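Note that the coordinates shown come from a computational prediction; the quantities given were computed from them, not determined experimentally. The first residue of the sequence shown is numbered 1, and numbering continues consecutively from there.
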Amino acid sequence: MTMKHEELPDYGPRDIDDEYFQEIYRADRVLARAEKGDLEAMYEMGLRFYFGEGRRENYRLALKYFLKPAEEGNACAQYYVGSIYETGETENEKEFRGVKQNPEEAAIWFAKAAALGNEDAAKALERLREAGLVSSEK
């Protein structure tokens with residue numbers, strides 16, 4: 001006779017009381033879903049790499065995970081893609097490992113997100129226009 005056990009959410013080994021470890025473990029679980037094409041998990045993984053939660057901050061990898069949800073119409077993902085292109089990222093001056101700054105590409109993504117009602121994207125697009133980094137047509 002088998003006993004039915006109530007399924008508990010898996011938060012990693014419960015004998016390790018270390019929030020940093022648990023955050024990494026949660027990120028690993030999200031990564032597994034993202035690698036299977038789960039758009040929500042891809043967006044979350046993008047956030048984790050963008051902000052450095054459970055992973056080292058890395059715009060190149062954040063962009064990798066934000067792009068598919070952005071292409072599918074996720075306005076928040078579109079905003080973050082624009083933000084990554086707006087600022088660019090290099091780890092140090094001699095070794096480029098990030099995303100090259102590209103205001104034109106940033107404007108394209110900000111415009112897409114703004115069209116879907118993302119106010120932060122609309123403000124960012126206006127900021128690029130006011131700075132003269134993109135034409136007012138974008």
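In this structure, the separation between CG on D120 and CG on L125 is 12.5 Å, given to the nearest 0.5 Å. Going from atom CZ of R48 over to atom CD of E57 covers 14.0 Å, rounded to the nearest 0.5 Å. Between L116 atom CG and K112 atom NZ the span is 10.0 Å, to the nearest 0.5 Å. Atoms OG and CG, on S83 and L63 in that order, are 11.5 Å from each other to the nearest 0.5 Å. The structure places CD of E40 at 14.0 Å from CE of M45, a figure rounded to the nearest 0.5 Å.
Between A77 and P69 the shortest heavy-atom distance is CB-CB, 4.0 Å. Across every non-hydrogen atom of G73 and Q78, the tightest pair is CA-NE2, 3.8 Å. Of all heavy-atom pairs spanning I84 and A62, the tightest one is CD1-CB, 3.9 Å. The two residues A113 and A121 have their closest heavy-atom pair at CB-CB, 3.5 Å. Contact record, A107 with L128: N-CD1, 3.9 Å, taken as the closest heavy-atom pair.
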Walk me through whether R55 and D28 qualify under salt bridge (Lys or Arg N to Asp or Glu O under 4.0 Å). CA-CA 9 Å; R55 292 289 185 269; D28 286 345; 2.3 Å; yes
Take Y79 and E119 through the test side-chain hydrogen bond (donor to acceptor under 3.5 Å, both in side chains) and record every step on the way to the result. CA-CA 10 Å; Y79 169 75; E119 292 180 22; over 6 Å; no
Taking it one step at a time, do K36 and D38 satisfy side chain to side chain contact (heavy atoms under 4.5 Å, CB included)? CA-CA 6 Å; K36 292 178 182 174; D38 180 323; 5.7 Å; no
Determine, stepwise, if the pair E71 / K68 fulfils salt bridge (Lys or Arg N to Asp or Glu O under 4.0 Å). CA-CA 5 Å; E71 290 167 351; K68 182 69 174 168; 5.0 Å; no
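With hydrophobic clusters built from ILVMFWY side chains whose heavy atoms lie under 4.5 angstrom apart, V81 does not share a cluster with Y65. Residues L67 and Y43 share a hydrophobic cluster, clusters being chains of Ile/Leu/Val/Met/Phe/Trp/Tyr side chains in contact below 4.5 Å. In terms of hydrophobic clustering, with Ile, Leu, Val, Met, Phe, Trp and Tyr side chains grouped at heavy-atom distances under 4.5 Å, L61 and F51 are assigned to different clusters. The cluster map of Ile, Leu, Val, Met, Phe, Trp and Tyr, joined by side-chain heavy atoms under 4.5 Å apart, puts I24 and V30 in different clusters. Placement of W109 and V134 within a single hydrophobic cluster is found when ILVMFWY residues are connected by side-chain heavy-atom separations under 4.5 Å, directly or transitively.
Not a single donor-acceptor pair under 3.5 Å links the side chain of E105 to the backbone N or O of Y85.
Using a 4.5 Å heavy-atom cutoff, the side chains of I108 and E104 are not in contact.
Salt bridge absent: E126 and K123 never bring a charged side-chain N and a carboxylate O closer than 4.0 Å. Checked for salt-bridge contact, E86 and R127 meet the test: a charged N lies under 4.0 Å from a carboxylate O.
Ring centroids of Y59 and F49 are separated by 6.0 Å or more, keeping the two rings apart.
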